[in-house]
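Only a predicted model underlies this, so the values are computations on that prediction, with no experimental measurement involved.
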Amino acid sequence: QVQLVESGGGLVQAGGSLRLSCAASGRSFSNYAMAWFRQAPGKERVFVAAISRGGSSTHYTTSVKGRFTISRDNAKDMVYLQMNSLNPEDTAVYYCASRLGTVVIGPPQRYDYWGQGTQVTVSS
């Protein structure tokens, strides 16, 4: 069992930045690929970014490439999402997720453990 707790969400103006954090506890963190998903009101949960177990491989959805950076610290059991140049379309609840083994680029069904989510609101 893996427990995930997100933090760092909030309200930011367009063009601003936020850094989301996800603290993991439970089984060996370094055995899990990690990802961030987001869900806007009335929409499905969608893939944002993922990182491999060792951190050497990262993947992003097209709309966030060049603006968002996913990273992890296996010594601290943490994963991060640095979000720059935010725009109102980035407004959503952001979820941290994990899966045992290799990293995959979504969909949500491929990930086994989820945090409770953190709200990100970008004002225009």
Which heavy atom of S98 sits nearest a heavy atom of Y111, and at what distance? C-CD2, 3.5 Å

How far does OG1 of T69 sit from OH of Y80, to the nearest 0.5 angstrom? 14.0 Å

Whether R38 and D90 form a salt bridge (side-chain N of Lys/Arg under 4.0 Å from carboxylate O of Asp/Glu) is what I want to check. yes

Between S25 and Q3, is any side-chain donor less than 3.5 angstrom from a side-chain acceptor? yes

To the closest 0.5 Å, what do you measure between CE (M83) and CZ (R19)? 11.5 Å

Looking at L18 and L86, what are the two nearest heavy atoms and their distance? N-CD1, 3.8 Å

When every non-hydrogen atom of A14 is compared with those of P88, the smallest separation belongs to CB-CD, 4.2 Å

So CZ of R72 and OG of S30: to nearest 0.5 Å the spacing works out to 7.5 Å

Between M34 and L4, is the side chain to side chain contact (heavy atoms under 4.5 Å, CB included) condition met? List the steps. CA-CA 10 Å; M34 301 297 297; L4 303 172; 3.9 Å; yes

Give the minimum heavy-atom separation between F68 and V48, together with the two atoms involved. CD2-CG1, 3.8 Å

Under 6.0 Å between ring centres: does that hold for Y95 and F37? no

What distance do Y32 atom OH and R53 atom CZ have between them, rounded to the nearest 0.5 Å? 11.5 Å

CA sep, side-chain torsions, deciding dist, call: V104, H59, side chain to side chain contact (heavy atoms under 4.5 Å, CB included): CA-CA 9 Å; V104 297; H59 307 273; over 6 Å; no

Stepwise, does the side chain to side chain contact (heavy atoms under 4.5 Å, CB included) test hold for L20 with T118? CA-CA 8 Å; L20 304 183; T118 186; 4.0 Å; yes

Would you say F47 and I70 are hydrophobically clustered, going by side-chain heavy atoms of ILVMFWY under 4.5 Å? no

Identified side chain to side chain contact (heavy atoms under 4.5 Å, CB included) partner of T91 from the options V120, L11, V122: V122

Would you check, one step at a time, whether the test side chain to side chain contact (heavy atoms under 4.5 Å, CB included) holds for V5 with C22? CA-CA 5 Å; V5 179; C22 174; over 6 Å; no

Is atom CD of Q116 surrounded by more than 12 heavy atoms (other residues, nucleotides or ligands) closer than 6.0 Å? yes

